[in-house]
There are 2 protein chains.
Amino acid sequence: MLTIGQLADYAGVTTKAVRHYHERGLLAEPGRDSSGYRRYDAQHALTLVKIRTLADAGMPLARVKDLLDADPDTFAAAIAEIDQDIRKRIAQLRRARAQLAQLRGGDRLFVSPEIADYLDELRELGVSERQVCLERDGWILMHAASPEDVSRWIAEKRRLLADPEFRTLYREHDAAYDWSPDDPRLPALAERTRTWAAGHHPSEAERVDNPTIARLAARTQAGASSPAWDRLARLIKS
Amino acid sequence: MLTIGQLADYAGVTTKAVRHYHERGLLAEPGRDSSGYRRYDAQHALTLVKIRTLADAGMPLARVKDLLDADPDTFAAAIAEIDQDIRKRIAQLRRARAQLAQLRGGDRLFVSPEIADYLDELRELGVSERQVCLERDGWILMHAASPEDVSRWIAEKRRLLADPEFRTLYREHDAAYDWSPDDPRLPALAERTRTWAAGHHPSEAERVDNPTIARLAARTQAGASSPAWDRLARLIKS
DNA sequence: GCTTGACCTTGCCCCAGGGGCAACGTTCGA
DNA sequence: TCGAACGTTGCCCCTGGGGCAAGGTCAAGC
């Protein structure tokens, strides 16, 4: 007859776990010897190994309990199900591993592939990393606030970037961030921007009156501006 | 600016989880709007996705917290470690799957390969499944109570089974379980057993005076006897 | 016989990672 | 204007045990 420690060692668990299984009704309480120690027999060892096998496979103890005295068909079905579950979990772990690797480089992890591609295009255009981050943050907010609009807006942005004049303006605005607010190039840039805006026929998509988006855009800009940008904004409005 | 629900949906978690991360200090509490609602920006979304990526990889939240503002080297090292861990867990799951499959057939799962082989030999000899179970339970107890003795005893048992007379006696004892206690074959079997025992030179191993084992054996037998076996035992002793 | 160390007993609180519910305030669209 | 859907805090609950306390017990060696 075995003590709780011997039984636990045999099954590769702690004595604590064995007592836990008693509490949860998974393992029958054995008889006690004269000193009150639990004394186990081989049947307990068999059951304990079964419990561990099922629990190691990720089955909750409550289900293990039901299953221990279920008929063979139920048992087999449960085994099959758990087996499927294990395969799913392996796949999940593989995915987690891949995600983890992404964490080290780039922002593909944080935005949809569509947006990530767009950001890469900006980079190829020579846009500063600061500006790319600003864009990324804007798209994250948009994606979170109204995901169904993202595709349309991305398409619109792409359409604009196809216009050489817009591309030039975009890059100059980007560069202007670091200029002095008194930089003589600012009035000229403002003028060119207004000219472009006047000649530019706003598309359907752009006129979408989504107040959420409008407020969102305003906030995003507000967070990260510079003296030169502030002046530029005033010059364009005036 | 996002509400907690939008942020949570974006990262694929529950609002409860987001609040949990605030409590644990993983995610900075954002400002509140006039009604007391939390209002999040893109930075929160970035951090939240990072948190989930690390947590999904099995990292405890406490470590995630430390890692979120660690230097890149520490971060990379931690990533590598977690990656190793994931691979280990995948291997573990695979093992669990294999064990699970074993659960459906035989008792290889419960005893060492050595003992399982021995039990299979008994089966080939035509020993009843009842007797094989009895043996199995005995070996489980021995393995749990004093694993270092198992190999020696198994070898001894094998040596005995090589003796044709012992094999015959073993099988007849097995069969006698179901006999009536008045069966006329019992006295003859007892006599043959005594003759064999007298002519049998007990080996070194057999005389090992392990009182634990002796008590153990006695208990095992006591649990599963039959009227015929009881009579047989009395006949042999007398 | 005595000590020492390893074992056993019960009981209680602790952890992650949230879920669920209460009881209430806010916002938004029809 | 009203109801649904969302937000707030706070509390207790779950799993699968770990850790520790405050003892009782057992076997070995001296």
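In this text the structure is predicted, and so the values were computed from the model without any measurement. In what follows, chains carry the letters A, B, and so on, assigned in the order in which the sequence lines appear, proteins first and then strands, with residues in each chain numbered from 1.
Regarding K65(B), its NZ atom lies at a distance of 14 Å from the P atom of dG17(C), rounded to whole Å. The CG-P distance, from D9(A) to dA6(C), rounds to 14 Å in whole Å. If you measure from atom CG of L7(B) to atom C1' of dT8(D), you get 16 Å, rounded to the nearest angstrom. Atom CD in E23(B) sits about 14 Å away from atom P in dC12(D), given to the nearest Å. The CG-P distance, from L26(A) to dG17(D), rounds to 10 Å in whole Å. Atom-to-atom, NE2 of H22(A) to C1' of dC8(C) comes out at 13 Å; the value is rounded to the nearest Å. Look at CD1 on I51(B): it is 15 Å from C1' on dA16(C), rounded to the nearest Å. Between Q6(A) atom CD and dC8(C) atom C1' the separation is 12 Å, expressed in whole Å.
Classified by interplanar angle (parallel below 30°, tilted 30° to 60°, perpendicular above 60°), the ring pair H143(A)/Y10(B) is perpendicular. Using a 30° and 60° split on the angle between ring planes, Y118(B) and W139(B) fall in the perpendicular class, above 60°.
In this structure, of dG17(C), dC8(C), dG16(D), it is dC8(C) that holds the atom nearest to the side chain of I4(A). Which of dG17(D), dT15(D), dC8(C) sits closest to the side chain of R24(A) comes down to dT15(D). Here the side chain of T3(A) is nearest to one of dC7(C), dG17(D), dG18(C), namely dC7(C). Taking only side-chain atoms of R19(A), from C-beta outward, the nucleotide of dG18(C), dT9(C), dG7(D) with the closest atom is dT9(C).
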Between the protein and nucleotides 12-14 of chain C, which nitrogen or oxygen pairs are less than 3.5 angstrom apart?
none

Next on the checklist: Quick one, D56(A) with T53(A), criterion side chain to side chain donor-acceptor pair (under 3.5 Å). Give me CA distance, side-chain angles, the key distance, then yes/no.
Outcome noted: CA-CA 5 Å; D56(A) 283 343; T53(A) 306; over 6 Å; no
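Here the side chains of R87(B) and R97(A) are in contact, with some heavy-atom distance below 4.5 Å. Looking at V18(B) and T14(B), their side chains never come closer than 4.5 Å, going by heavy atoms from C-beta outward. In this structure, H173(B) and L232(B) have side chains that are in contact, with non-hydrogen atoms separated by less than 4.5 Å.
Of the residues in residues 30-46 of chain B, those placing a heavy atom less than 4.0 Å from an atom of DNA chain D are R32(B), G36(B), Y37(B), R38(B), in numerical order.
Under 4.0 angstrom from either OP1 or OP2 of dG19(C) there lies at least one side-chain N or O belonging to T14(B). Distances shown here put a side-chain N or O of Y21(B) below 4.0 Å from the OP1 or OP2 atom of dG18(C).
Annotation: F110(B) is not in aromatic contact with H44(A) [ring centroid separation under 6.0 Å not met].
Among R158(A), R159(A), R152(A), the single residue meeting the salt bridge (charged side-chain N to carboxylate O under 4.0 Å, His left out) criterion with E156(A) is R159(A).
A distance of 12.5 Å separates CD1 in I86(A) from CD1 in I90(B), rounded to the nearest 0.5 Å.
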